[in-house]
Amino acid sequence: MEKHIYFDHAATTPVDERVMQEMLPYFTEIFGNPNSQHYFGREAVKGVDKARDTIAKIINAKPNEVYFTAGGTEADNWALKGIARANKNKGNKIIISPIEHAAMLSTAKELVKEGFVVEYMQVDKDGLVDLNHLKTILTPGTILVGCMMANNEIGTIQPIKEIAKMAHEVGAFAFTDAVQTAGVLETDVKELGVDLMSMSSHKIYGPKGVGALYVRNGVKINSILTGGHQERMKRGGTTYVAGVVGFAKAFELAVEEREKNFEYVKGLRDRFIDRVMSEVPFVKLNGHREKRLPANADFSFEFIEGESILFSLDLAGIAVSSGSACSSGSLEPSHVLLAIGVPEALAHGSIRFTFGKHNTIEEIDYAVETIKTAVKRLREMSPLFKAQGEIKYV
Ligand SMILES: *Cc1c(COP(=O)(O)O)cnc(C)c1O
């Protein structure tokens with residue numbers, strides 16, 4: 001059988017069989033529009049309400065603080081645009097980190113066109129937000145401070161609790177994009193102290209195209225998707241009933257099995273990192289070694305192009321990502337790596353490996369061997385590498 005190994009779980013994950021079973025009736029028997037005032041509508045509402053209760057409970061919020069969206073991108077758009085536009089009276093400044101997901105970065109740029117000022121927190125070489133620098137740009141008149149809880153590319157986990165506290169000290173709202181952490185780390189909105197939080201289903205073995213935004217009661221936010229009265233008048237559009245049911249089930253399973261999956265995936269990841277670091281010369285691990293998502297290993301291989309490694313691995317049946325899935329397709333080096341000070345040439349040689357609960361030790365070892373061979377072969381063709389002289393391989 002042809003080999004297909006999936007090491008790209010930060011891009012998306014397969015739907016868990018149990019999630020799929022939970023969703024199925026909502027495509028057929030329970031197909032009603034939750035806004036309809038009859039039996040079919042009421043049955044659909046039950047599914048949506050249960051999903052909302054489940055998610056609210058997991059994140060320690062009230063059900064009416066959970067708004068369903070079409071995924072993390074919509075939730076990020078909504079948080080930024082909705083808060084900025086509704087709170088113009090408080091000021092015009094928005095602060096985000098330079099290593100956010102494209103959903104945040106592009107939205108912030110849109111807001112600049114509307115007259116808002118966007119400032120960026122500095123991050124250190126591991127991608128951690130510099131809280132001292134944040135302090136200097138947090139002035140009264142700041143509406144919102146937005147920072148991802150963990151980075152999708154290098155896996156670095158941010159001190160969200162501290163950032164939220166600092167935001168509140170100047171009267172700004174605190175927002176976190178928890179797409180990579182919901183279901184993986186504790187995401188209790190009260191404990192984190194955030195006013196808004198984005199989540200997405202397909203990164204945690206749920207269906208694509210569904211997510212949620214937590215908005216603390218009392219926070220003023222405008223709608224961005226205008227239409228009907230859905231989501232308490234805040235988000236028009238018929239709810240993707242099967243999707244939200246699947247999302248809630250996926251989230252529930254992720255939390256129930258969190259410790260087991262965390263330890264298992266981290267074990268695979270650590271074996272992978274240790275082997276690559278000791279067996280492949282001229283390689284750099286990007287991101288913080290400890291404050292890091294358990295599934296993430298992001299490497300820069302000197303003297304070669306990430307794309308060439310990606311294609312060699314793909315030929316060997318191993319699926320990985322160069323840069324983030326959203327910026328691949330362009331040959332621009334990753335904005336995250338540039339922001340943490342990785343030189344452009346090295347950033348070009350970067351590959352992200354993100355592991356999942358179905359991966360095995362055998363797959364890890366096969367990948368290490370494949371990488372060793374591919375890197376050696378590619379470097380032998382690289383003029384840059386030849387200029388370095390003889391290198392010893394382990
Ligand atoms: C995947 C991702 C998103 C986008 O979520 P979608 O549901 O795919 O729109 C946003 N932020 C982060 C950190 C992500 O990893």
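Counting begins at 1 with the first residue of the sequence. Only this structure's heavy atoms are used, side chains among them; waters, hydrogens and symmetry mates stay out. Just so you know, ligand 1 is whichever comes first in the structure, and atom 1 is the first atom listed for that ligand. Quick caveat: nothing in here was measured; it's all calculated off a predicted structure.
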Heavy-atom nearest neighbour in the protein, as seen from [atom], with distance rounded to 0.1 Å:
| atom | answer |
| --- | --- |
| atom 1 (C) of ligand 1 | Lys203 NZ, 1.4 Å |
| atom 4 (C) of ligand 1 | Thr73 OG1, 3.5 Å |
| atom 11 (N) of ligand 1 | Asp177 OD2, 2.7 Å |
| atom 6 (P) of ligand 1 | Gly72 N, 3.4 Å |
| atom 3 (C) of ligand 1 | His101 NE2, 3.5 Å |

(Q) With salt bridge (Lys or Arg N to Asp or Glu O under 4.0 Å) as the criterion, how do Lys357 and Asp16 come out once you've worked through the C-alpha distance, each side chain's angles and the decisive distance to 0.1 Å? (A) CA-CA 10 Å; Lys357 61 184 180 183; Asp16 188 291; 2.8 Å; yes
Any nitrogen or oxygen of [X], side chain or backbone, less than 3.5 Å from one on ligand 1?
| X | result |
| --- | --- |
| Gln180 | yes |
| His202 | yes |
| Gly71 | no |

Would you say [X] has more than 12 foreign heavy atoms packed within less than 6.0 Å of its [atom1]?
| X | atom1 | answer |
| --- | --- | --- |
| Tyr264 | OH | yes |
| Lys50 | NZ | no |
| Phe27 | CZ | yes |

Just let me know how [X] lines up against ligand 1, side chain, backbone, both or neither, with a heavy-atom cut-off below 4.0 Å.
| X | result |
| --- | --- |
| Thr12 | neither |
| Ala103 | neither |
| Lys208 | neither |
| Asn152 | side chain |

Q) What atoms of ligand 1 come within less than 4.0 Å of a heavy atom belonging to Asp76? A) 10 (C), 11 (N)
Q.
Could you tell me if Arg235 sits above the aromatic ring of Phe68, with its cationic atom closer than 6.0 Å to the ring centre and no more than 45 degrees from the axis?
A. no
Q. Are Phe355 and Phe7 close enough that their ring centres sit under 6.0 Å apart?
A. yes
Q: Indicate the ring-plane relationship of Tyr205 and His9, choosing parallel, tilted or perpendicular according to the 30° and 60° boundaries.
A: tilted
**Q.** Val179 backbone acceptor or donor facing Lys203 side chain under 3.5 Å
**A.** no
(Q) According to a hydrophobic-cluster definition based on side-chain heavy atoms being under 4.5 Å apart (Ile, Leu, Val, Met, Phe, Trp, Tyr only), do Met121 and Leu80 belong together? (A) no
